[in-house]
Amino acid sequence: MQVVLSGLATGAIYGLVAMGFAVAFYVTRVINFAQGQLLMAAIMVTAAVSQAGWPTALAIVAGLAAAVVLGGLTYLLAVRPVLSFDRFSFAWLVSTLGIATILEAAAALIWGPTSRGFPTMLNDQPVHILGAVISLQQLLAIVVGLAVVAAFEVYRRRTLFGKLGMAIAADPEMASAIGANTAAVAIAAFALAGLLAGLGGVLVGPITYANPYLGETYGINGFVALMIGGIERPAGAMFGGLLLGVLSQLANTEINSQASDWFPFLIVVVVLLASPTGLFAAVSSLRRRPLRRAGTVRSA
């Protein structure tokens with residue numbers, strides 16, 4: 001139980017980053033490889049504003065706002081020009097990696113390459129659950145991760161903007177033909193992806209530290225979680241993050257403390273061999289598969 005709860009707390013952060021990947025891809029068919037650096041930006045801005053003497057709540061708002069703005073700018077500066085030139089090229093892979101490098105270098109230049117403290121959000125009083133012990137901050141990460149994925153699914157299916165995003169994802173040309181502002185929806189998708197990464201940042205910041213190079217680790221694990229859950233399924237991305245967190249924690253416990261450096265890649269190779277579109281896609285296909293009674297013969 002200790003391994004499971006600790007893994008779920010870490011996996012919820014991976015899941016939020018993975019959901020950001022999935023939301024951006026869902027609308028634009030682009031994977032934003034700067035997603036981990038958006039998490040880092042939220043952490044660094046929150047820490048800097050807090051250390052400047054502002055209340056923690058305002059520092060968190062500033063960090064989330066920074067991630068949202070940078071997410072939208074990533075689309076405008078690194079994705080939209082590429083797609084407008086050639087919608088079917090993969091140049092966005094290089095351009096988003098370039099944004100990731102720029103954000104990392106800029107953070108190191110502004111705040112220095114060393115780690116700094118992050119403001120506390122909750123007290124360190126431990127929570128006992130079925131014999132396991134976790135902190136309130138870890139429990140908050142799990143609760144927020146599950147709440148976000150539930151709220152997103154309701155928003156996607158029940159609101160006009162969510163349905164518009166689904167329509168653009170299904171057929172962007174047709175959506176443009178009927179007057180949908182595809183550019184605005186794409187900017188909103190990248191901004192939402194930034195918000196999800198920022199949430200992950202402010203949730204994990206009190207547990208770890210503020211460092212300009214922190215985004216790379218969470219970006220890689222978020223991408224692995226995306227591959228596990230399914231690249232077109234934001235809810236599946238959260239599931240992939242939770243599963244990855246638990247399995248990585250189990251590997252650290254049963255193998256050695258360095259297993260988390262390579263174990264996620266082993267997991268994603270196994271998952272992709274079993275289901276190249278992710279575990280959620282495999283489950284969905286099984287549910288949709290019609291059942292035939294034994295002894296029946298399919299007609300030619």
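Remember, it's a predicted structure, so these values are computed and weren't measured experimentally.
- Taking the side chain as every heavy atom from C-beta outward, Val127 and Leu136 approach each other to under 4.5 Å.
- In terms of the side-chain hydrogen bond (donor to acceptor under 3.5 Å, both in side chains) criterion, residue partners of Gln51 (sequence neighbours excluded) are, by chain and number, Arg116.
- When each of Leu103, Leu196, Val17 is tested with Leu38 by the rule side-chain contact (heavy atoms from CB on, under 4.5 Å), just one qualifies, namely Leu103.
- Two residues are said to be in side-chain contact when any heavy atoms from C-beta on lie closer than 4.5 Å; Gln137 and Val204 fail this criterion.
- Interatomic distance, CG of Leu226 versus CG of Leu244, reported as 11.5 Å (0.5 Å rounding).
- Under the 4.5 Å side-chain contact rule for hydrophobic residues, Trp111 and Ile102 do not share a cluster.
- Leu70 is not connected to Val61 by any chain of hydrophobic side-chain contacts under 4.5 Å among Ile, Leu, Val, Met, Phe, Trp and Tyr, and they are in different clusters.
- Listed for the Ser84 side chain is a donor-acceptor partner under 3.5 Å among the backbone atoms of Pro81.
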key: Full working for side-chain contact (heavy atoms from CB on, under 4.5 Å) between Leu146 and Leu242   = CA-CA 10 Å; Leu146 295 176; Leu242 296 173; 4.0 Å; yes
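- Using cut-offs of 30° and 60° on the angle between ring planes, the pair Phe33 and Trp92 is parallel.
- Between atom CD1 of residue Ile13 and atom OG1 of residue Thr217 there is a gap of 13.5 Å, rounded to the nearest 0.5 Å.
- Panel note: side chain Ser95, backbone Ala78; a donor-acceptor pair is recorded below 3.5 Å.
- Shortest non-hydrogen contact noted between Pro119 and Ala47 is CD-CA, 4.1 Å.
- Here CD of Gln37 is found 7.5 Å from CD of Glu216. Values are rounded to the nearest 0.5 Å.
- In this structure, CD1 on Ile134 lies 10.0 Å from CE on Met1, to the nearest 0.5 angstrom.
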request  = Please test Phe21 against Phe223 for side-chain contact (heavy atoms from CB on, under 4.5 Å), starting from the C-alpha separation and ending with a verdict.
outcome  = CA-CA 7 Å; Phe21 276 119; Phe223 183 73; 4.1 Å; yes
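- Atoms CD1 and OH, on Ile220 and Tyr14 in that order, are 10.5 Å from each other to the nearest 0.5 Å.
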request  = Quick one: do Leu214 and Ile43 satisfy side-chain contact (heavy atoms from CB on, under 4.5 Å)? Show the steps, please.
outcome  = CA-CA 9 Å; Leu214 192 64; Ile43 292 176; 3.4 Å; yes
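- Transitive grouping of hydrophobic side chains (ILVMFWY, heavy atoms separated by less than 4.5 Å) keeps Val133 and Ile142 in distinct clusters.
- A distance-only check finds no donor-acceptor pair linking the side chain of Gln138 to the backbone of Leu5 [under 3.5 Å].
- Annotation for Ala91 and Val82: closest pair CB-CG1, 3.5 Å, computed over non-hydrogen atoms.
- Of the possible donor and acceptor atoms, one in the side chain of Arg29 sits under 3.5 Å from a partner among the backbone N and O of Tyr26.
- Annotation for Ala34 and Ile99: closest pair CB-CG2, 3.9 Å, computed over non-hydrogen atoms.
- In terms of heavy-atom proximity, Ala235 sits nearest to Val149 at CA-CG2, 3.5 Å.
- Atom CD of Gln35 is separated from atom CZ of Phe25 by 14.0 Å, given to the nearest 0.5 angstrom.
- Nearest heavy atom pair, residue Phe190 against residue Ala24, reads CE1-CB, 3.8 Å.
- In this structure a side-chain-to-backbone donor-acceptor pair under 3.5 Å is present from Thr96 to Leu93.
- Leu250 and Ile267 sit in two unconnected hydrophobic clusters of ILVMFWY residues. Membership requires side-chain heavy atoms under 4.5 Å apart, directly or through other members.
- Thr120 places none of its side-chain heavy atoms less than 4.5 Å from the side chain of Pro206.
- Ile31 is connected to Leu16 through a chain of hydrophobic side-chain contacts under 4.5 Å among Ile, Leu, Val, Met, Phe, Trp and Tyr, so both are in one cluster.
- Across Leu83 and Thr28, no two heavy atoms sit closer than the pair CD1-O, 4.4 Å.
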